[in-house]
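Inspection log for the structure reproduced underneath, given as structure tokens.
One-based numbering, in listed order, for ligands and for the atoms of each.
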Amino acid sequence: MKIAIANDHAATQMKKDIVAYLEEKGYEVVNFGTDGDASVDYPEYGCKAAEAVASGECEQGVLICGTGIGISLAANKVPGIRAAAVSEPVSARLCKEHNNANIIAFGARIVGLEEAKAIVDAFLTASFLGGRHQRRVDMITEIEKKYSR
Ligand code: RB5
């Protein structure tokens, strides 16, 4: 499975650790940066990874900023993206099972590395349950279409 990953300056080290962790597990990871500690703007990086997921270049995405919030908000502006900002593994599993999230986001200033690993594990190994959840996800898509120019 090909995973898009991106982060801002608040999360560079955690991103590097998560890339190594995912590659160890056999995932192919496409890194959209940033790879330095200089201050950058999270919407730029969140957008790049979100576009890779929306286009089908990558199947899933992982976004990390200070809180996970700003970068997920930016990603959610890309049509077709359902990015969920979480801080523990149960929500990471449920956002895939119920909401068919295609990007998981979390904060390097909020969760430690072991919790971050548990979050990506829970997200990437879960599957969308469909059924009644499909109708609701379709409703989200309809809202997106309603406001698309
Ligand atoms: C950067 O200081 C910080 O605002 C950013 O990483 C993120 O937490 C925004 O949501």
| task | Can you sort out which atoms of ligand 1 are near Ala10, meaning under 4.0 Å from one of its heavy atoms? | result | 6 (O)
| field | Short N-O contact, Asp17 and Lys117, less than 4.0 angstrom | value | no
| query | Does any non-hydrogen side-chain atom of Pro89 lie less than 4.5 Å from one of Asp121? | reply | no
| request: Give the contacting part of Thr67 toward ligand 1: side chain, backbone, both or neither, where contact means a heavy-atom distance below 4.0 Å. | output: both
| remark: Contact region, Cys65 to ligand 1, non-hydrogen atoms below 4.0 Å, reads both
| query | Looking at atom 3 (C) of ligand 1, what's its closest protein heavy atom, distance included? | reply | Arg109 NH1, 3.8 Å
| Leu63, Leu73: one ILVMFWY side-chain cluster at the under-4.5 Å cut-off? | no
| Do Asp35 and Lys16 sit within salt-bridge range, that is, some charged N less than 4.0 Å from a carboxylate O? | no
| said: Among all the protein's non-hydrogen atoms, which is closest to atom 9 (C) of ligand 1, and how far away is it? | reply: Tyr42 CE2, 3.5 Å
| message | Under 4.0 Å from a heavy atom of His9: which atoms of ligand 1 are those, numbered in the order shown and with their elements? | response | 1 (C), 2 (O)
| message | Donor-acceptor pair, distance only, cut-off 3.5 Å: does the side chain of Ser72 make one with the backbone of Ala83? | response | no
| request: Please determine if Gly70 has a nitrogen or oxygen closer than 3.5 Å to a nitrogen or oxygen of ligand 1. | output: yes
| What are the atoms of ligand 1, with element, lying closer than 4.0 Å to any heavy atom of Asp8? | 1 (C), 5 (C), 6 (O)
| field | NZ/NE/NH1/NH2 to OD/OE distance under 4.0 Å, Lys48 and Glu51 | value | no
